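Beneath this line is the structure, given in structure tokens, with notes to follow.
What you see is a predicted model, and the numbers here were worked out from it, not measured in a lab. Letters A, B, ... are given to chains in the order of the sequence lines, protein chains preceding strands, and every chain is numbered from 1.
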Amino acid sequence: DGGITQSPKYLFRKEGQNVTLSCEQNLNHDAMYWYRQDPGQGLRLIYYSQIVNDFQKGDIAEGYSVSREKKESFPLTVTSAQKNPTAFYLCASSRSDTQYFGPGTRLTVL
Amino acid sequence: EDKVVQSPLSLVVHEGDTVTLNCSYEVTNFRSLLWYKQEKKAPTFLFMLTSSGIEKKSGRLSSILDKKELFSILNITATQTGDSAIYLCAVGNQRSGSARQLTFGSGTQLTVLP
């Protein structure tokens, strides 16, 4: 089946630890995106990548890092520098304007 | 700064009612306006609108765009409990180079009571 997968579904971490969220797609899309969703705030763009080995900061990139070594994969690392990392993280991919989303990872920092 | 504003923020109706959700926007280099439905997890794509005045329809859902007044509406007729969800509006804009990004509104939480 074609689609976008994210893992894990739920993630708990202690404050001060880095954590990496996985995003994989087999839709052959060039562009991939990471969003953060907080209650009542819609989706905010963290990072995006148009092609392999290239990525750009979105609106709220501070405290996050990404890599794009393969077309299918766009992992997001939430670093200890992110002040308020507890949130729902969504990955998306697209070929055109329409973005398709993965099921999300809910990160809770204790 | 690009801005997408949705209203109302939340709405509670009974099954069978008709609802209208609103989305207004201020973006530079407008490309498209998209509607998504988000139940518990991933937003699922509903419509993409690029031209004014042309209604897109899928079953009980329909949407239209007004590029002069910078807004779109999403209509749901004969609502069902399964329509309960957050409805997200997003606007696609052409930023530097070939980047295609979406700016999202905060969503409308629709609750349909039996």
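A/W34 and B/F45 fall into different hydrophobic clusters, where Ile, Leu, Val, Met, Phe, Trp and Tyr side chains are chained together by heavy-atom contacts under 4.5 Å. Placement of B/L74 and B/L88 in two distinct hydrophobic clusters is found when ILVMFWY residues are connected by side-chain heavy-atom separations under 4.5 Å, directly or transitively. In the hydrophobic cluster analysis, where Ile, Leu, Val, Met, Phe, Trp and Tyr join through side-chain heavy atoms closer than 4.5 angstrom, B/W35 is grouped together with B/Y25. Cluster annotation: A/L45 and A/Y47 are assigned to distinct hydrophobic clusters (Ile/Leu/Val/Met/Phe/Trp/Tyr, side-chain heavy-atom contacts under 4.5 Å, transitive). Residues A/Y100 and A/M32 do not share a hydrophobic cluster, defined by chaining ILVMFWY side chains whose heavy atoms lie under 4.5 Å apart.
The greatest number of non-hydrogen atom pairs below 4.5 Å with chain A, out of B/S10, B/S32, B/C89, B/G107, is found for B/S32. Contact count versus chain B (heavy atoms, under 4.5 Å) is highest, among A/Q37, A/R44, A/Q56, for A/Q37.
Considering every non-hydrogen atom in both A/T98 and B/L34, the closest pair reads CA-CD2, 3.7 Å. Taking each heavy atom of B/A42 and A/L90 in turn, the nearest pair found is CA-CD2, 4.2 Å.
In the displayed structure, B/E26 atom CD is contacted under 6.0 Å by at most 12 heavy atoms of other residues, nucleotides or ligands. Within 6.0 Å of NZ on B/K57 lie more than 12 heavy atoms contributed by other residues, nucleotides or ligands.
Atoms CG and CG, on B/N93 and A/D97 in that order, are 9.0 Å from each other to the nearest 0.5 Å. In this structure, the separation between NZ on B/K41 and CZ on A/F88 is 8.0 Å, given to the nearest 0.5 Å.
A heavy-atom distance below 4.5 Å is found between the side chains of B/L102 and A/Y35.
Interface residue A/S96: backbone and side-chain heavy atoms are both found under 4.5 Å from chain B. When heavy atoms are compared at a cutoff of 4.5 Å, B/Q38 approaches chain A solely by way of its side chain, counted from C-beta outward.
Listed for the B/Y36 side chain is a donor-acceptor partner under 3.5 Å among the backbone atoms of A/Q99.
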